[in-house]
Amino acid sequence: MVVDILTLFPEMFTGPFDASIIKRAREKGLVEINLINIRDFSRNKHRTVDDTPYGGGAGMVMAAEPLFEAMDWIRARRGEPGRVILLCPAGRPFNQEVAAELAREKHLVLICGHYEGIDERVAEHLVTDEISIGDYVLTGGELPAMVVVDAVCRLIPGVLGERASAQEESFADGLLEYPHYTRPREYRGYRVPEVLLSGHHEKIRLWRRRQSLLRTLASRPDLLARASLTGEDRKILASVLEEIKSLI
């Protein structure tokens, strides 16, 4: 996958993309991340990319011209991208399903907004998707772009060592993941659940599924309404509800 990021602050991406899993993916040639400075496409001597809004009002608006020019430059070198994504508060909420959808693309362009907003002609004529990572305000689109790239790139085949790890993680099937333990068996009096030491694969599977359902029910019950629950899941939840009733 090729990811082109249009930003006013390319230096912000140095740490996150030069360490851990994303760094290894880049070294293996599985992901190519290009940081493109929007100011390089400004046509004035001060390299400004913003101006006052028509109609008045507070703040500055990022101009359309440098972003259109940057997209022309990208298309001339790599052709039409699969998606052009604007990181903004009005976008659809980013989740694991959206990450999996984007991971199927070969070329993504991410636009990091700033100031009071971006000239609406960019959204109307350049952008294919608008994405938000949450209902809060950030200083710019750089941090959301990092979140999107990290979540998407780790789903590309070969990026993670074991494909099963991506399939069993939280949100992969709409539920939170089950709890994990490792050595030692006992620490400060706290013991690992015996079932995990039993070597009985079916009992371990059932325990993990039950814990996943319990954790989701306790922390994110809203996810259960959207999750694809199996008949086995429904039986587990029914037994949990019966246990709760018996305690009341």
Side-chain angles (χ1 to χ4, degrees), residues 1-42 49 66-88 91-114 118 122 126-134 138 140-174 177 180 182:
M1 176 186 284
V2 175
V3 182
D4 290 323
I5 301 175
L6 299 179
T7 174
L8 294 175
F9 301 101
E11 63 274 14
M12 287 182 66
F13 295 87
T14 303
F17 294 161
D18 290 334
S20 190
I21 290 172
I22 301 300
K23 177 185 178 182
R24 292 197 295 271
R26 296 176 74 184
E27 290 173 344
K28 291 178 182 176
L30 298 171
V31 180
E32 177 187 331
I33 300 174
N34 303 302
L35 302 172
I36 300 167
N37 194 329
I38 298 169
R39 293 189 190 280
D40 291 342
F41 299 90
S42 173
V49 295
L67 289 167
F68 272 80
E69 298 269 347
M71 284 303 304
D72 289 344
W73 184 85
I74 289 171
R75 289 191 183 104
R77 283 154 181 78
R78 285 185 272 281
E80 192 66 32
R83 305 282 186 94
V84 179
I85 299 166
L86 175 63
L87 288 313
C88 66
R92 63 169 167 158
F94 186 65
N95 56 28
Q96 193 68 15
E97 184 180 350
V98 177
E101 179 186 317
L102 296 179
R104 293 191 286 269
E105 299 289 346
K106 296 296 182 184
H107 182 195
L108 300 176
V109 176
L110 274 61
I111 300 176
C112 303
H114 264 276
I118 292 180
V122 173
L126 288 183
V127 170
T128 62
D129 299 80
E130 296 184 8
I131 286 178
S132 167
I133 65 165
L138 297 171
E142 281 74 19
L143 290 174
M146 294 175 202
V147 169
V148 170
V149 171
D150 188 279
V152 169
C153 287
R154 64 198 309 284
L155 297 178
I156 297 170
V159 170
L160 293 182
E162 296 181 32
R163 187 62 187 165
S165 356
Q167 294 170 347
E168 293 180 3
E169 288 171 335
S170 290
F171 308 112
D173 62 353
E177 197 175 5
H180 298 276
T182 188

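Under the 4.5 Å side-chain criterion, counting only non-hydrogen atoms from C-beta, I74 is in contact with V109. Taking the side chain as every heavy atom from C-beta outward, L110 and T7 never approach each other to under 4.5 Å. In this structure the side chain of C112 reaches within 4.5 angstrom of the side chain of I5, judged on heavy atoms. No side-chain heavy atom of I85 sits under 4.5 Å from any side-chain heavy atom of V127. Between M1 and L108 the shortest side-chain heavy-atom distance falls below 4.5 Å. For the pair F41/I36, a side-chain contact is recorded, criterion being any heavy-atom separation below 4.5 Å from C-beta on.
Remark: A99 pairs with F94, A151, V152, L155 by the side chain to side chain contact (heavy atoms under 4.5 Å, CB included) rule, at least two apart or across chains. With sequence neighbours left out, the side-chain hydrogen bond (donor to acceptor under 3.5 Å, both in side chains) criterion links D4 to N34, R78, H107.
In terms of modelled atom types and a separation under 3.5 Å, the side chain of S42 and the main chain of R39 share no donor-acceptor contact. In this structure, the side chain of R26 engages the main chain of F17 through a donor-acceptor pair within 3.5 Å. In this structure a side-chain-to-backbone donor-acceptor pair under 3.5 Å is present from S132 to G134.
Between R75 and E80 there is a salt bridge, since at least one side-chain N of the basic residue sits less than 4.0 Å from a carboxylate O of the acidic one. With salt bridges taken as basic N to acidic carboxylate O contacts below 4.0 Å, one links D129 and R83.
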